[in-house]
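Notes for the one structure printed next.
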Amino acid sequence: MADRNGFFYFLLVSILVSVAIISSDALSTSFYQKVCPEALPTIKKVVTDAINRERRMGASLLRLHFHDCFVNGCDGSVLLDDTPTITGEKTANANKNSARGFEIVDRIKSEVNRVCGAQVVSCADILAVAARDSVVQLGGKTWKVELGRRDSTRASRDDANSALPNPINMDLNALINNFKKVGLDEKDLVVLSGGHTIGFSQCSSFKNRIYSESNIDPLFARNRKLTCPPSGGDTKLAPFDPTAAKFDTLYFKNLVRRRGLLHSDQVLFNGSSTDALVRRYSTNAAAFAADFGKSMIKMGRNKPLEGNSGQIRVNCRRIN
């Protein structure tokens with residue numbers, strides 16, 4: 001009898017999901033409200049536990065959502081492992097030996113599958129919600145995540161290499177154009193770069209800046225050189241700002257002081273059109289918090305798969 005009841009529950013949930021998908025013309029903040037109201041609380045629980053175990057994980061999960069959305073839209077493609085027929089995004093230049101948090105996504109997927117009783121929540125949506133919950137867990141303000149994305153059945157390392165911004169040598173105009181390709185403007189570039197208020201970067205990404213660039217505070221450069229030698233040590237880590245596990249505005253204060261860790265950070269404050277916005281966020285935490293949520297929502301709208309496009313993956317690492 002229990003098995004029979006379980007089957008009918010599974011069937012009911014599947015029907016409800018199908019109805020939601022067919023009737024959905026756009027992403028919605030209430031997408032899972034009827035089909036699985038426990039989905040979002042479950043994601044939050046796993047994210048909170050992961051960050052309590054390792055504070056750095058919050059930045060890693062936020063970064064996964066960024067890197068997913070910038071390559072052919074927010075479709076969960078960044079999560080796919082390589083196969084004989086897929087050379088995915090995990091080995092792209094910006095992700096190789098750098099992107100992390102995949103095991104946390106696996107845990108989330110397993111838990112939401114269990115509480116929902118069916119394949120209801122997409123991996124792409126998991127990334128979007130986990131990014132928001134990570135920011136909140138580290139002291140940032142919340143925003144309403146639009147949901148209803150489906151998962152891609154393809155991934156491309158070449159696409160990732162061409163789409164993801166290069167932190168080492170992109171000037172401001174190149175960054176503006178890079179963001180424009182995914183529907184984001186100059187303001188979005190500045191505010192979303194503020195995501196670097198949490199997390200760390202590898203020496204290989206800022207080595208050229210601390211040894212070769214002039215628009216850098218000498219003391220800051222000297223301190224970074226202590227853990228990032230001119231040759232070797234490429235995987236050694238440095239925080240983007242001194243409060244790497246706190247979502248605050250110190251990132252922008254550092255830019256004003258010429259203490260941006262990456263080249264792509266400091267070009268935002270270097271006598272250019274974005275200086276005023278950087279200075280505003282450096283002194284107005286409320287403005288940054290409000291605008292960050294708006295830009296995250298905007299980024300999350302980049303070419304989502306909806307309706308009957310794509311699939312809801314059983315395992316986020318591979319197509320069904």
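For the numbers below, each heavy atom of this structure counts, side chains included, while hydrogens, waters and symmetry mates do not. Positions are given from 1, in the same order as the sequence printed here.
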[X] with [Y]: basic N within carboxylate O range, under 4.0 Å:
| X | Y | answer |
| --- | --- | --- |
| Asp81 | Arg318 | no |
| Lys180 | Asp185 | no |
| Arg107 | Asp49 | yes |
| Asp217 | Arg259 | yes |
| Glu54 | Arg100 | yes |
| Asp106 | Arg317 | yes |

Would you please test Gln202 and Asp234 for side-chain contact (heavy atoms from CB on, under 4.5 Å) and show each step?
CA-CA 6 Å; Gln202 294 187 3; Asp234 286 354; 5.8 Å; no
Can Ser193 and Tyr251 be said to form a side-chain contact (heavy atoms from CB on, under 4.5 Å), step by step?
CA-CA 9 Å; Ser193 294; Tyr251 167 82; 3.6 Å; yes
Is the backbone N or O of [Y] less than 3.5 Å from a side-chain atom of [X], with the two atoms forming a donor-acceptor pair by type?
| X | Y | value |
| --- | --- | --- |
| Asn284 | Arg280 | no |
| Asp265 | Leu262 | yes |
| Thr153 | Ile319 | no |
| Asn320 | Ile312 | yes |
| Glu306 | Gly148 | no |
| His67 | Leu164 | no |
| Arg132 | Lys141 | no |
| Thr197 | Asp248 | yes |
| Gln266 | Gly260 | yes |
| Lys109 | Arg313 | yes |

Hey, can you tell me if Tyr281 and Phe252 have their rings parallel, tilted or perpendicular (30° and 60° cut-offs)?
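Tyr281 vs Phe252 ring planes: tilted.
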Look at the rings of Phe292 and Phe66 and say which category their plane angle falls in: under 30° parallel, 30 to 60° tilted, over 60° perpendicular.
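Tilted, since the angle between the ring planes falls between 30° and 60°.
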Between [X] and [Y]: side-chain donor-acceptor atoms closer than 3.5 Å:
| X | Y | value |
| --- | --- | --- |
| Asn270 | Ser272 | no |
| Asp159 | Asn72 | yes |
| Ser77 | Glu89 | yes |

If we check side chain to side chain contact (heavy atoms under 4.5 Å, CB included) with Lys44, which of these qualifies: Thr48, Leu40, Val47?
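Among Thr48, Leu40, Val47, the one that satisfies the side chain to side chain contact (heavy atoms under 4.5 Å, CB included) with Lys44 is Thr48.
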For Ser122, the option from Val112, Leu305, Asp151 that meets side chain to side chain contact (heavy atoms under 4.5 Å, CB included):
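It is Asp151, the one option of Val112, Leu305, Asp151 that forms the side chain to side chain contact (heavy atoms under 4.5 Å, CB included) with Ser122.
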Report the C-alpha distance between Lys294 and Asp188 in whole Å, list the side-chain angles of each, state the deciding distance to 0.1 Å, and finish with yes or no for salt bridge (Lys or Arg N to Asp or Glu O under 4.0 Å).
CA-CA 9 Å; Lys294 292 175 184 176; Asp188 297 316; over 6 Å; no
Criterion salt bridge (charged side-chain N to carboxylate O under 4.0 Å, His left out) against Arg149, the qualifying member of Asp75, Asp68, Asp125:
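Per the salt bridge (charged side-chain N to carboxylate O under 4.0 Å, His left out) rule, the option paired with Arg149 is Asp125, out of Asp75, Asp68, Asp125.
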Rounded to the nearest 0.5 Å, what separates atom CD1 in Ile210 from atom CD in Glu213?
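Here the rounded value is 10.5 Å.
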Mind checking the CZ-CD1 spacing from Arg63 to Ile198? Nearest 0.5 Å is all I need.
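Atom-to-atom, Arg63:CZ and Ile198:CD1 are 12.0 Å apart.
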From CA spacing to verdict: side-chain contact (heavy atoms from CB on, under 4.5 Å), Lys90, Val78
CA-CA 6 Å; Lys90 290 182 178 180; Val78 70; 5.5 Å; no
What about Leu261 and Val267, same hydrophobic cluster or not, with Ile/Leu/Val/Met/Phe/Trp/Tyr joined at side-chain heavy-atom distances under 4.5 Å?
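No, separate clusters.
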Is there a side-chain contact (heavy atoms from CB on, under 4.5 Å) between Ile168 and His263 once you walk through the steps?
CA-CA 6 Å; Ile168 299 173; His263 171 84; 5.8 Å; no
Do we get Arg222 above Phe220's six-membered ring, with its NZ or CZ under 6.0 Å from the centre and within 45° of the axis?
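That pair does not qualify as a cation-pi contact.
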